[in-house]
Structure formats: C-alpha cells, structure tokens
Amino acid sequence: MKSTKPVKKYVIVDLTNIESPSDVYAAFVEAKCGVEPITKEEMFNYAMHVTELMNSTIVKSCASLMDYIDALIDTIESAYDNQEDPDDLVIKREGEEEEKVEKKPNIFKRFWNWITRKK
C-alpha cells in the first residue's frame, strides 16, 4: 500500500488595502476562515473577553496558591508545636548506632585478583 503525504494548505492573504494595524488581523481572518472582515468593535469585544478570562484564571490560581501556602504554614506550625525539646531530638539522633558498610576493594585490585585467581 502506497502512503501519501498530507497536502499542505496555503492561505493567501491580501494586504493591499491595509490602513491600520487592525486591518491586518481582519485580512488574516478573512483569508483563513473565509468570513467577512471583522469590525474593530468585534475585535475589541473579543480582546476584552479574552482579557477577562485571563484575569479570572489568574485570580483563581492565586487564590488556590494562597490556600496551599496557608495549609503548608499550618502544617509547619503544628509540627513545631508538637515537637519536644529540640536539643533532646538532636541527642537521640546522635545516640543512634550506625551500621558499617564494608567497602569493595579497588576495581583494579579486583581485576588483578580475578586474573591471578586470588580471592
């Protein structure tokens, strides 16, 4: 079965009647969507709607972040309140016995022992 590559769609934008920066946007909308040119009022309304959505998203994100930070502060404060004398905790940690880990010999030494069959 022969596969075919997708055909690229080209958009031709007529920029000959540009008088203001908003005309560029209107020309792109007309070329890409095939609709009548949009008016400046429609562009302004759309921009205001997007700005409002962005602001509400930012406010919600900040509110959830503040709730998270408050919960974290409460957790840290409760940990400090429930803590015994900090000096006792340090002594307990120092009193614990550490297990010794036996280190392997150097890799060259192990290789030499393997070649000479020493163990």
Side-chain angles (χ1 to χ4, degrees):
M1 179 177 202
K2 189 175 183 181
S3 63
T4 58
K5 292 183 179 178
V7 179
K8 292 183 180 179
K9 294 181 180 178
Y10 294 100
V11 177
I12 300 172
V13 181
D14 180 23
L15 298 177
T16 56
N17 299 328
I18 302 299
E19 295 176 3
S20 67
S22 61
D23 291 342
V24 175
Y25 298 114
F28 273 97
V29 168
E30 182 180 2
K32 187 145 180 126
C33 302
V35 296
E36 296 178 7
I38 56 176
T39 62
K40 291 181 182 181
E41 182 180 329
E42 291 171 339
M43 288 176 59
F44 178 75
N45 290 339
Y46 176 74
M48 292 304 293
H49 178 68
V50 169
T51 305
E52 183 180 324
L53 286 176
M54 287 174 44
N55 289 341
S56 65
T57 304
I58 290 171
V59 168
K60 288 177 185 175
S61 299
C62 288
S64 65
L65 181 63
M66 290 300 295
D67 292 341
Y68 176 76
I69 291 173
D70 288 340
L72 185 63
I73 289 172
D74 292 340
T75 305
I76 293 171
E77 287 176 349
S78 66
Y80 276 116
D81 292 342
N82 295 336
Q83 180 177 335
E84 299 172 1
D85 187 22
D87 297 332
D88 294 340
L89 293 176
V90 172
I91 293 170
K92 289 178 186 175
R93 288 185 190 146
E94 291 174 356
E96 295 176 357
E97 296 180 16
E98 296 181 14
E99 296 180 15
K100 280 200 162 187
V101 178
E102 186 177 329
K103 293 175 84 178
K104 289 184 176 180
N106 188 344
I107 185 124
F108 298 110
K109 185 176 182 180
R110 287 188 285 156
F111 182 65
W112 180 254
N113 290 340
W114 178 72
I115 290 174
T116 59
R117 302 205 185 268
K118 292 182 183 178
K119 294 200 179 197

Gap separating the CD atom of Glu30 from the CZ atom of Phe28, nearest 0.5 angstrom | 12.0 Å
Report yes or no: does Asn55 contribute a side-chain atom to a donor-acceptor pair with the main-chain N or O of Glu52 at less than 3.5 Å?
-> no
Could you give the distance from CG (Leu65) to CG (Leu72), rounded to the nearest 0.5 Å?
-> 10.5 Å
Rounded to the nearest 0.5 Å, what separation is found between the CG atom of Asp67 and the SG atom of Cys62?
-> 11.0 Å
Measure the spacing between OH of Tyr68 and CD1 of Ile73 and express it to the nearest 0.5 Å.
-> 11.5 Å
Nearest heavy-atom pair of Asp14 and Thr16: which atoms, and what distance?
-> OD1-OG1, 2.7 Å
Establish whether Tyr46 and Phe44 are linked, either directly or via other cluster members, by ILVMFWY side-chain heavy-atom contacts under 4.5 Å.
-> no
Looking only at heavy atoms, what is the nearest atom pair of Ala31 and Val11, with distance?
-> CB-CG1, 3.6 Å
Report, as yes or no, whether the 6.0 Å neighbourhood of atom CD1 on Ile107 holds more than 12 heavy atoms from other residues, nucleotides or ligands.
-> no
Over all atoms of both residues, closest heavy-atom pair of Ile18 and Ala27 = CD1-CB, 4.5 Å
What is the distance from atom CG of Asn113 to atom CG of Asn106, rounded to the nearest 0.5 Å?
-> 10.5 Å
